Enquirer: 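Sharing a structure, written as structure tokens. Questions coming.
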Amino acid sequence: MKLICCLYLLLVWEYVSAFKFTDDMAKQCKGFIRKTDKTFNTFYKVDAENIRKLKSDSAIDFEMRFAVMAPSGACILLSKGESKELAYVIAIGANKNTEANIIMSIRDEYKNTTFMKNLLSSVEYRAFNIKQYKDGTIAVAREGDRTPIIVYKDPTPIKINYFSFANWNVDEVNYYFDCPKPPVSECKLFTSKNCIYDTFFNTKDQKRPDIKFDPWIGFEMHFEVMAANDAYLLLSSEANYNYNRPVYRIAIGNGTNSVTEIRKYHKSIRSYWALTHNVLSDSEFRYFNIKIYKDGPIVLSREGRSEPILYIVDDNPISVKYFSFDTSNNVEAQFLYGCSDKNETGKIVVEGQYVPEKKCKKFLRQRDSNAFIKAEDIKVNNQYENVSFEMNFAILAAQDAHLVLLTMPNYDGPIYDLRIGTDSNQKTELRRGYENISGEFAWTPYILSETKYKKFYTKIYKDGTIELGMEGSLRPILNFTDTKAVPVNFFSFCAGSSMDAEFRYDCPKLDLDDTTE
């Protein structure tokens with residue numbers, strides 16, 4: 001038998017941020033506490049008169065900003081009452097300053113974990129913010145960074161009325177809390193009052209407008225808008241406003257702030273639109289992101305929303321080299337762009353590590369599979385006590401690869417069908433049943449490749465939460481809690497759409513202690 005070694009890559013981030021928490025910022029924080037014990041014994045009421053009422057976005061239910069100085073082990077409790085009975089625990093710098101965790105305190109259930117080194121420091125303060133959105137999403141981010149460190153969407157969110165602090169396996173943790181939102185001095189500001197696109201910016205000349213973190217993305221840009229309606233972003237290959245040449249025009253909050261559309265002008269007009277009532281505000285900045293994939297998908301999304309505003313496919317995408325902002329006549333719009341982002345300030349410490357002694361198991365399959373593997377045979381499994389099943393795997397396929405999790409070694413009983421790269425490699429789905437036509441899904445354009453293995457993980461938690469993600473990603477692709485969860489005793493792989501697929505599974509994990517700077 002020919003043994004095939006598995007090249008296993010795991011991205012381990014070391015966080016380096018351009019944002020610095022200064023002494024002047026510390027003076028503006030209303031609270032300070034030095035914790036030398038593990039107990040949450042001092043509770044602060046969120047709606048107390050002396051506590052700031054922070055909500056940087058109308059989609060947010062709860063928001064707090066704080067700074068920490070500690071070698072590791074900062075813990076923040078967000079609770080319904082003055083106890084741990086119904087609460088979230090946010091652990092930053094856990095496991096020797098290599099992790100961030102979101103935990104349900106009532107049963108110490110780990111809901112999500114991000115591996116990231118040096119989040120905290122014993123010699124300088126590191127600033128963070130926590131946001132709970134109205135849809136139940138909790139996001140923890142470094143101050144000054146757009147992308148969260150860790151995210152969890154709670155299907156039955158807890159109303160946060162109190163917060164408290166503790167430490168975790170460390171002698172002392174110092175907290176400044178109830179801090180104001182820092183100034184957005186890292187962003188560039190552009191104000192428009194007309195509709196002539198008279199100022200163009202070269203993406204190469206700007207510091208941070210073009211992120212392009214994922215290799216399959218041709219152009220990506222983060223920006224913020226404050227306007228009553230009609231905010232426009234023009235993307236072009238040249239620094240001019242000429243509809244005889246291909247351009248994209250993204251119009252947000254058209255008319256009465258009720259419609260958003262993407263138009264491509266090139267001899268003829270192609271328009272795609274969506275209803276977006278009150279997507280803009282004339283009293284606060286709203287944050288947006290635009291991605292243009294090399295093979296055609298264009299995704300416009302808004303912070304705090306799990307679904308994109310617009311998702312279209314252009315078979316002949318424009319090579320974006322310039323951008324411009326504008327608005328309709330008699331409307332003033334302010335745009336912030338070039339803002340600090342994780343993808344700019346973070347750096348990869350370990351881009352990949354080859355493990356020659358340890359090998360993945362290989363599974364080749366066409367179409368439907370009748371080969372079932374026992375879950376108990378997985379060697380690299382169950383990192384946490386609250387996880388009943390965990391597996392790392394890699395896929396080589398053009399599209400439509402399935403990981404099927406089963407109670408019995410057949411398709412007759414209850415199953416979970418994780419479908420990766422469906423709809424021509426555009427979408428990823430979780431179905432509770434092999435033939436079910438509806439379920440949880442996420443837009444994942446070109447997530448699979450027929451020339452390169454893509455690496456994934458799946459976890460089944462004891463509370464019924466099913467998680468699917470890409471190795472090294474800061475947030476899962478899918479996270480769904482099944483209130484009628486079934487045990488996973490077997491699994492199988494298969495490919496649909498008359499496609500061949502190659503799978504490697506039970507891959508070894510990268511030991512964080514073995515990484516090098």
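Worth saying up front: this structure is predicted, and the values here are computed from it rather than measured. Just so you know, residue 1 is the first one in the sequence shown, and it goes up from there.
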Enquirer: Mind running side chain to side chain donor-acceptor pair (under 3.5 Å) on T422 and E429 for me, showing each step along the way?
Expert: CA-CA 8 Å; T422 61; E429 304 174 75; 3.0 Å; yes

Enquirer: Run S237 and S319 through side chain to side chain donor-acceptor pair (under 3.5 Å) and show every step you take.
Expert: CA-CA 6 Å; S237 59; S319 176; over 6 Å; no

Enquirer: Does any N or O in the side chain of N161 come within less than 3.5 Å of the main-chain N or O of K80, such that one atom is a donor and the other an acceptor?
Expert: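 Yes, N161 side chain to K80 backbone: donor-acceptor pair under 3.5 Å.
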
Enquirer: Donor-acceptor pair, N112 side chain versus V151 backbone, under 3.5 Å?
Expert: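 Such a contact is found between N112 side chain and V151 backbone.
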
Enquirer: Report yes or no: does Y248 contribute a side-chain atom to a donor-acceptor pair with the main-chain N or O of I318 at less than 3.5 Å?
Expert: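 Yes, the answer is positive, given that a donor and an acceptor are paired below the 3.5 Å cut-off.
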
Enquirer: Sub-3.5 Å donor-acceptor pair from the side chain of S301 to the main-chain atoms of I309, do we have one?
Expert: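 Between the backbone of I309 and the side chain of S301 there is no qualifying donor-acceptor contact (under 3.5 Å).
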
Enquirer: Backbone N or O of K117 within a donor-acceptor pair of the T98 side chain at under 3.5 Å?
Expert: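 Flag not set: sc T98 to bb K117 has no pair under 3.5 Å.
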
Enquirer: Could you tell me whether a side-chain N or O of Q132 sits under 3.5 Å from a main-chain N or O of K159, the two making a donor and an acceptor?
Expert: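 Not a single qualifying donor-acceptor pair exists.
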
Enquirer: Verify, without hydrogens or angle tests, whether N129 (side chain) and E63 (backbone) share a donor-acceptor contact under 3.5 angstrom.
Expert: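 A pair under 3.5 Å: no.
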
Enquirer: Show your working on side chain to side chain donor-acceptor pair (under 3.5 Å) between H222 and E220 and close with a plain yes or no.
Expert: CA-CA 7 Å; H222 299 169; E220 180 178 3; 3.2 Å; yes

Enquirer: Between N97 (side chain) and L120 (backbone), is there a donor-acceptor pair under 3.5 Å?
Expert: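 Yes, N97 side chain to L120 backbone: donor-acceptor pair under 3.5 Å.
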
Enquirer: For ring pair (Phe, Tyr, Trp, His ring centres under 6.0 Å), just list the numbers for Y337 and F323, CA-CA rounded to whole Å, side-chain angles, deciding distance to a tenth of an Å, and then say yes or no.
Expert: CA-CA 11 Å; Y337 66 98; F323 62 96; 5.7 Å; yes

Enquirer: Would N169 and K38 count as a side chain to side chain donor-acceptor pair (under 3.5 Å) if you check the C-alpha gap in whole Å, the side-chain angles of each, and the deciding distance to 0.1 Å?
Expert: CA-CA 8 Å; N169 296 330; K38 298 181 180 180; 3.1 Å; yes

Enquirer: When you measure from the centre of the six-membered ring of Y457, is the NZ or CZ of K459 under 6.0 Å away and within 45° of the axis?
Expert: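 Geometry flag: set, cation within 6.0 Å and 45°.
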
Enquirer: In chain order, what residues pass the side chain to side chain contact (heavy atoms under 4.5 Å, CB included) check against S258, with sequence neighbours excluded?
Expert: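 S258 satisfies side chain to side chain contact (heavy atoms under 4.5 Å, CB included) with T256, H277 once adjacent residues are dropped.
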
Enquirer: Looking only at side chains, do T113 and N101 share a donor and an acceptor under 3.5 Å apart?
Expert: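 On atom types as modelled, these side chains qualify, holding a pair under 3.5 Å.
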
Enquirer: Ion pair present between E143 and R65, side-chain N to carboxylate O less than 4.0 angstrom?
Expert: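 Looking at E143 and R65, the cut-off is met.
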
Enquirer: Is there a side-chain contact between V68 and I92 in this structure, where contact means two heavy atoms from C-beta onward sitting under 4.5 Å apart?
Expert: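 No; the side chains remain at least 4.5 Å from each other.
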
Enquirer: Between Y88 (side chain) and I158 (backbone), is there a donor-acceptor pair under 3.5 Å?
Expert: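 Yes, because the side chain of Y88 sits within donor-acceptor range (under 3.5 Å) of the backbone of I158.
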
Enquirer: Strictly below 4.0 Å, N to O, side chains only: are D482 and K484 in salt-bridge contact?
Expert: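 No.
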
Enquirer: Return the set of residues passing side chain to side chain contact (heavy atoms under 4.5 Å, CB included) with A251 (not counting sequence neighbours), or none when no residue passes.
Expert: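 Side chain to side chain contact (heavy atoms under 4.5 Å, CB included) list for A251, sorted by chain: Y232, R249, N254, E261.
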
Enquirer: Just by distance, do the side chain of N489 and the backbone of T407 share a donor-acceptor pair under 3.5 Å?
Expert: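 A pair under 3.5 Å: yes.
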
Enquirer: Quick check: closest heavy atoms across A401 and I395, and the distance to 0.1 Å?
Expert: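 Shortest heavy-atom separation between A401 and I395 comes out as CB-CG2, 3.7 Å.
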
Enquirer: Is K264 salt-bridged to D314, cutoff N-O under 4.0 Å?
Expert: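 The answer is yes: the pair qualifies as a salt bridge.
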
Enquirer: Mind checking what makes side chain to side chain contact (heavy atoms under 4.5 Å, CB included) contact with L403, not counting sequence neighbours?
Expert: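 Scan of L403 (side chain to side chain contact (heavy atoms under 4.5 Å, CB included), adjacent residues dropped) gives M391, F393, L405, L418, T458, F491, F493.
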
